[in-house]
Amino acid sequence: MAANNRRMSGKKGAQVGSGGQRRRGLEGKGPTPPAEMRKGHKKNRVANAKAKQAVRRPVARGRGGKGTSEMVVGRNPVVEALREGVPAVTLYVQQFIDNDERVREALQLVADRGGVHLMEAPRPELDRMTNGLNHQGLVLQVPPYEYAHPEDLANAAYDHGEDPLIVALDGVTDPRNLGAAVRSVSAFGGHGVLVPERRAAGMTAGAWKSSAGTAARTPVARCTNLTRALEAYKKQGIAVVGLAADGEHEIGELAALGGPVVIVVGSEGKGLSRLVGETCDYRVRIPMPGGAESLNAGVAAGIVLYEAARRRA
């Protein structure tokens, strides 16, 4: 019987173990990915075709115009954008991606939000979409922002029986300052922000993040010529107040801030441009006993908006 057992064992001596391979093979591989991400599935092919069409589709222009579609690239930027509620059309996920915590959080945020397409794409396609940037397997497509018309900002105030309170940005190129201005306008009961079409920040993902979600309810209008847009406001009886370090008035002394007003904020380095400065009815300064030479556009707008809101209370 012992001999029979030896023949059945196949080999004499110690047996080589599996090294844990069998145990790991029995471990779960996580939830089944959605059909759109399963290679070879019909929904995956349809989703990839729609994704390519969405990227290449020309942007339509409305009354106030639209921005361009933007791509947020990289695992941390994508997760942060989704956390902050930045609008999104599609989340592209690289095939066979290393599924770490950021990837799982991005997928969960998209699932919780709803309305965002989830597409799986090969690395070469993501490289092409992002012009070779280090996307780390995650790319978020942000839809074009639909800008309001300058007239819409004043009309919104009149529709509510209020005096218009508008902030115009002259030569401000940092999207974070635009987002901060939008946030301040929302906080102090303003009716919107006006920006030039060229050489100025637009409503990018960075601006959305800086606005802390207020861009969803505070309109941003865009104009081809800021000077002409300000002249049009003046014809409606709206005072145009420009911020300048050498302004003739201090903000606490200007009664015009209590009425219909457009507050014009220039860039931190150059201030107001010459034509815009000449268009202003008043030029005001913010007293700064601490000795700082200037404030960034978002902070300066918030200070003057507070004074305007205080006078209106």
Side-chain angles (χ1 to χ4, degrees), residues 47-74 77-93 106 109-110 113-119 121 125-133 135 138-153 155-156 166-169 171-183 185-186 191-226 229:
N48 287 339
K50 287 182 177 179
K52 292 180 180 179
Q53 291 175 1
V55 172
R56 297 167 184 169
R57 187 180 299 125
V59 177
R61 300 190 67 82
R63 183 169 182 261
K66 285 188 177 182
T68 57
S69 181
E70 181 189 0
M71 297 292 181
V72 179
V73 176
V78 165
V79 170
E80 290 171 4
L82 290 170
R83 285 174 182 168
E84 295 294 335
V86 174
V89 175
T90 306
L91 174 64
Y92 296 92
V93 182
L109 289 168
V110 165
R113 179 188 296 194
V116 180
H117 299 294
L118 187 61
M119 308 291 182
E125 179 66 15
L126 297 184
D127 292 341
R128 185 195 64 79
M129 290 167 51
T130 61
N131 292 321
L133 295 176
H135 50 73
L138 285 186
V139 178
L140 186 69
Q141 183 183 11
V142 178
Y145 181 81
E146 188 166 354
Y147 292 93
H149 190 277
E151 294 177 4
D152 297 337
L153 306 185
N155 291 339
I166 300 166
V167 168
L169 301 181
V172 175
T173 57
D174 189 340
R176 293 170 296 182
N177 273 328
L178 171 56
V182 170
R183 187 174 184 178
V185 167
S186 176
H191 301 100
V193 178
L194 175 64
V195 296
E197 188 171 325
R198 297 182 179 182
R199 294 184 292 276
M203 282 305 297
T204 62
W208 270 96
K209 287 169 60 179
S210 297
S211 77
T214 58
R217 58 181 181 271
T218 302
V220 175
R222 192 167 62 172
C223 60
T224 55
N225 186 292
L226 183 57

Backbone N or O of [Y] within a donor-acceptor pair of the [X] side chain at under 3.5 Å?
X	Y	result
Asp152	Ala148	no
Arg113	Leu82	yes
Ser186	Val182	no
Tyr147	Cys223	no

Check whether any side-chain heavy atom of [X] sits under 4.5 Å from a side-chain heavy atom of [Y], and report yes or no.
X	Y	answer
Trp208	Glu84	no
Val220	Thr218	no
Tyr92	Leu138	no
Val86	Val142	yes

Identify the heavy atoms of [X] and [Y] that sit nearest to each other, and give their distance.
X	Y	result
Val185	Gly192	CG1-N, 3.6 Å
Asp127	His135	OD1-NE2, 2.7 Å
Ala207	Gly202	CB-O, 3.8 Å
Leu178	Ala201	CD2-O, 3.7 Å
Lys209	Ala81	CD-CA, 4.4 Å
Glu70	Ala205	OE1-N, 2.8 Å

In sequence, state the C-alpha distance, the side-chain angles, and the governing distance for Met71 and Leu140, and then conclude on side chain to side chain contact (heavy atoms under 4.5 Å, CB included).
-> CA-CA 6 Å; Met71 297 292 181; Leu140 186 69; over 6 Å; no

Give the C-alpha distance, both sets of side-chain angles, the deciding distance and a yes or no for side chain to side chain contact (heavy atoms under 4.5 Å, CB included) between Val72 and Val139.
-> CA-CA 6 Å; Val72 179; Val139 178; over 6 Å; no

State the [atom1]-[atom2] distance between [X] and [Y], to the nearest 0.5 angstrom.
X	Y	atom1	atom2	answer
Thr90	Gln141	OG1	CD	5.0 Å
Leu118	Leu91	CG	CG	5.5 Å
His149	Leu194	NE2	CG	10.0 Å
Arg199	Leu226	CZ	CG	11.5 Å
Arg183	Arg176	CZ	CZ	14.5 Å

Considering residues at least two apart in sequence or located in another chain, which fulfil the side chain to side chain donor-acceptor pair (under 3.5 Å) criterion with Asn225?
-> none

Sidechain N-carboxylate O distance under 4.0 Å for Glu125, Arg128 | yes

Taking only residues two or more places apart in sequence or in another chain, which ones pass side-chain contact (heavy atoms from CB on, under 4.5 Å) with Val172?
->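 If we apply the side-chain contact (heavy atoms from CB on, under 4.5 Å) test to Val172, skipping adjacent residues, the hits are Leu169, Asn177, Ala297.
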
Report the C-alpha distance between Val193 and Val195 in whole Å, list the side-chain angles of each, state the deciding distance to 0.1 Å, and finish with yes or no for side chain to side chain contact (heavy atoms under 4.5 Å, CB included).
-> CA-CA 7 Å; Val193 178; Val195 296; 4.2 Å; yes

Worked verdict on Arg83 versus Leu109 for side chain to side chain contact (heavy atoms under 4.5 Å, CB included) = CA-CA 7 Å; Arg83 285 174 182 168; Leu109 289 168; 4.0 Å; yes

